[in-house]
Amino acid sequence: MNAEILSLSLQLSMPELILAVGGLVLLMIGVFSGDKSSTTVTGLAVALLAVAALWLIFMSGEGEAYGGAFILDPFSRFMKVLALIGSITAMVMSVGHAKSDQLNRFEFPVLLVLSTLGMMLLISANDLISVYLGLELMSLALYVIAAFNRDSLRSTEAGLKYFVLGALSSGMMLYGMSLVYGFTGNTGFDEIASVLNAETRNLGLVFGMVFVLAGACFKISAVPFHMWTPDVYEGAPTPVTAFFAAGPKVAAMAILVRLVSDAFMPILADWRQIIVFVSIASMLLGSFAAIGQRNIKRLMAYSSIGHMGYALVGLAAGSETGVSGVVLYMTIYMIMTLGTFACIMAMRRKEGENVENVDDLAGLSSTKPFMAIVLTALMFSMAGIPPLAGFFAKYFVFVAAIEAKLYALAVVGVLSSVVGAYYYLRIVKVMWFDEAKGEFARISGELRLVFGLSGLFVTAYVLFGGPIGNAANAAAKSFF
């Protein structure tokens, strides 16, 4: 690699370099200043993520770097900005809860920055080896923050479960990658696609692809790799759960899209069967398993599983319309989820006790009307009721499925949406028609800002959704 190629590579990966160097500097600040620097380190971490996002938005330049292992194109640019917004929002939301959830140590924002760096490397991965490096960098930090509250048995259990199952999925993915490399002789996505185009389909390669996709499906908590999700969502501190539900899901979905649209596109008939099965199973389990949930964080875990199923409907289409639908779905899903978790974090009694049951929202419309209105809009949007943002998210992935003649998949998606609407509407019923059990404490400004902006986004999406849709279309054109 000569100096000119190295210079171009460094320029294309500048946001990642900013986070890597910045993360190490923040670690040094924390080490030498102690836990009293946690607020300062959090503020600097937010600024660092914001600088990386602004660089991606305003600095031009696209192409491959580091010998083709790293790629910057409209798709990776869009998904990186989305992941950064999710990380920034989750970090801002954690500020008011840092003390009560024992997150007021400088290591917490540093781990979030390092996990976000892993997400960005994963989104830009154009080689099986860089996929694994990005995935592990993202995951290792997630294992630690899941169990960050060491005094909580639930948090420790959540971290341990996530670590054990995450290690299993990483092993499956690595085994799949070794099979793909063995049968193609390459680890680069473009080279794998070229070999698949030139040769007849090989059964061993299909086995390898199945294991690789299984590892990616674990990270988006799609059925049957969803086992960790409800326990980790419930056990981890709520700010951590909000982070889990946002950025990492975006990054994992991005690499799943890149794997099937770049490396494995020539064997579309094979991977489509896997995606269709996982999509149907996720939609059905997410809809039916959530009905009996009383803990709102567990309910959101099953909701998340269902939403990943809907996003995969677009991916199964294997078309530009489908990828565009997935990108749009992940954007709307992330904003709805962050807004909902801001409302969950605001569920705190005046005595300082956090409550997590759906029944604790009883009478919210009379005690906290603004929060009740926003949470109602978010629940309606998650159920896919027009003209809210969630309706458009589902509409575009179902249209892509119908265009690809996947009629059964679209029908199952619509029917499971109807079932899923029940548990969203139950939350609305509790807030507006049940007798209040007590009043929540004053809501912090950070949480009010997050759920206020999220509520505005889902209700007014029909007015400004055009530019977001155009950006999603431009991102999808990277593969077609």
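Because the structure is predicted, anything quoted here is derived from the model rather than measured.
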| Is the CG atom of L463 crowded by more than 12 outside heavy atoms at less than 6.0 Å? | yes

| said: Tell me whether Q11 at atom CD has more than 12 heavy atoms from other residues, nucleotides or ligands lying less than 6.0 Å away. | reply: no

List the atom pairs, with distances to 0.1 Å, where a side-chain N or O of residues 337-344 and a protein N or O form a donor-acceptor pair under 3.5 Å, not counting sequence neighbours.
unit_1	atom_1	unit_2	atom_2	d
T337	OG1	Y333	O	2.7
T340	OG1	M336	O	2.8

So do the side chains of [X] and [Y] get within less than 4.5 Å of each other, counting heavy atoms only?
{"X": "Y132", "Y": "S170", "result": "yes"}
{"X": "I468", "Y": "L328", "result": "yes"}
{"X": "E157", "Y": "K161", "result": "yes"}
{"X": "V327", "Y": "N473", "result": "no"}
{"X": "L84", "Y": "M120", "result": "yes"}
{"X": "V144", "Y": "F163", "result": "no"}
{"X": "M93", "Y": "T238", "result": "no"}
{"X": "M330", "Y": "K249", "result": "yes"}

| message | Show, in sequence, the C-alpha distance, side-chain angles and deciding distance for L256 and L312, and conclude whether the side-chain contact (heavy atoms from CB on, under 4.5 Å) test is met. | response | CA-CA 10 Å; L256 191 55; L312 290 174; 3.7 Å; yes

If I take atom [atom1] from residue [X] and atom [atom2] from residue [Y], how far apart are they, to the nearest 0.5 angstrom?
{"X": "L26", "Y": "L112", "atom1": "CG", "atom2": "CG", "value": "11.0 Å"}
{"X": "S279", "Y": "Y310", "atom1": "OG", "atom2": "OH", "value": "9.0 Å"}
{"X": "L160", "Y": "S155", "atom1": "CG", "atom2": "OG", "value": "11.0 Å"}
{"X": "L299", "Y": "N295", "atom1": "CG", "atom2": "CG", "value": "8.5 Å"}
{"X": "L82", "Y": "T331", "atom1": "CG", "atom2": "OG1", "value": "4.5 Å"}
{"X": "M347", "Y": "L375", "atom1": "CE", "atom2": "CG", "value": "8.5 Å"}

| message | Once side chain to side chain donor-acceptor pair (under 3.5 Å) is applied, what residue pairs with a partner in residues 72-84 remain, sequence neighbours excluded? | response | E16-K80, D73-S76, D73-R258, K80-S124

| request: Any pair with a residue in residues 43-53 that passes side chain to side chain donor-acceptor pair (under 3.5 Å), sequence neighbours left out, goes on the list, sorted by first then second residue, please. | output: none

Show the atom names and distances, to 0.1 Å, of all donor-acceptor pairs under 3.5 Å that link a side chain in residues 442-457 to residues at least two apart or in another chain.
unit_1	atom_1	unit_2	atom_2	d
S444	OG	E446	OE1	3.2
S454	OG	I335	O	2.7

| query | Strictly by modelled atom types, are S324 and K477 linked by a side-chain donor-acceptor pair under 3.5 Å? | reply | no

| message | What verdict does the side-chain hydrogen bond (donor to acceptor under 3.5 Å, both in side chains) test give for S13 and Y66, after you've listed the backbone C-alpha separation in whole Å, the side-chain angles of each residue and the deciding distance to 0.1 Å? | response | CA-CA 9 Å; S13 61; Y66 306 110; 2.7 Å; yes

| message | Quick check: Y233 with F244 (ring centres under 6.0 Å apart)? | response | no

| field | Test of ring centre spacing under 6.0 Å for F225 and F218 | value | no

Looking only at atom types and distance, does a side-chain atom of [X] sit under 3.5 Å from a main-chain N or O of [Y], one as donor and one as acceptor?
{"X": "N126", "Y": "G68", "answer": "yes"}
{"X": "T376", "Y": "A372", "answer": "yes"}
{"X": "S381", "Y": "A377", "answer": "no"}
{"X": "S130", "Y": "A69", "answer": "yes"}
{"X": "R154", "Y": "E234", "answer": "yes"}
{"X": "D127", "Y": "I129", "answer": "yes"}

| message | Using the rule given for side-chain contact (heavy atoms from CB on, under 4.5 Å), can you reason through V164 versus W228, listing the C-alpha separation, both sets of side-chain angles and the distance that settles it, and then say yes or no? | response | CA-CA 9 Å; V164 171; W228 61 275; over 6 Å; no

[X] and [Y]: which non-hydrogen atoms are nearest, and at how many Å?
{"X": "E320", "Y": "A476", "answer": "O-CB, 3.5 Å"}
{"X": "I145", "Y": "P237", "answer": "O-CD, 4.3 Å"}
{"X": "V223", "Y": "S282", "answer": "N-OG, 2.9 Å"}
{"X": "T241", "Y": "A236", "answer": "OG1-O, 3.4 Å"}
{"X": "A141", "Y": "S115", "answer": "CB-CB, 3.7 Å"}
{"X": "V323", "Y": "S261", "answer": "CG2-OG, 3.9 Å"}

| What do the steps show when you test S221 against S304 for side-chain contact (heavy atoms from CB on, under 4.5 Å), and what is the final call? | CA-CA 8 Å; S221 61; S304 167; 4.1 Å; yes

| message | Let's go through V110 and V113 carefully: what are the C-alpha distance in whole Å and the side-chain angles of both, what is the deciding distance for side-chain contact (heavy atoms from CB on, under 4.5 Å) to 0.1 Å, and is it a yes or a no? | response | CA-CA 5 Å; V110 173; V113 168; 5.7 Å; no

| task | Using side-chain hydrogen bond (donor to acceptor under 3.5 Å, both in side chains) as the criterion, list what pairs up with Y424, not counting sequence neighbours. | result | S303, H307

| message | Assess whether a salt bridge exists between D231 and R298, defined as any Lys/Arg side-chain N lying under 4.0 Å from an Asp/Glu carboxylate O. | response | yes

Taking only distance into account, with no hydrogens and no angle test, what donor-acceptor pairs under 3.5 Å do side-chain atoms of residues 388-396 form with protein atoms, sequence neighbours excluded?
unit_1	atom_1	unit_2	atom_2	d
K394	NZ	M382	O	3.2
K394	NZ	S417	OG	3.4

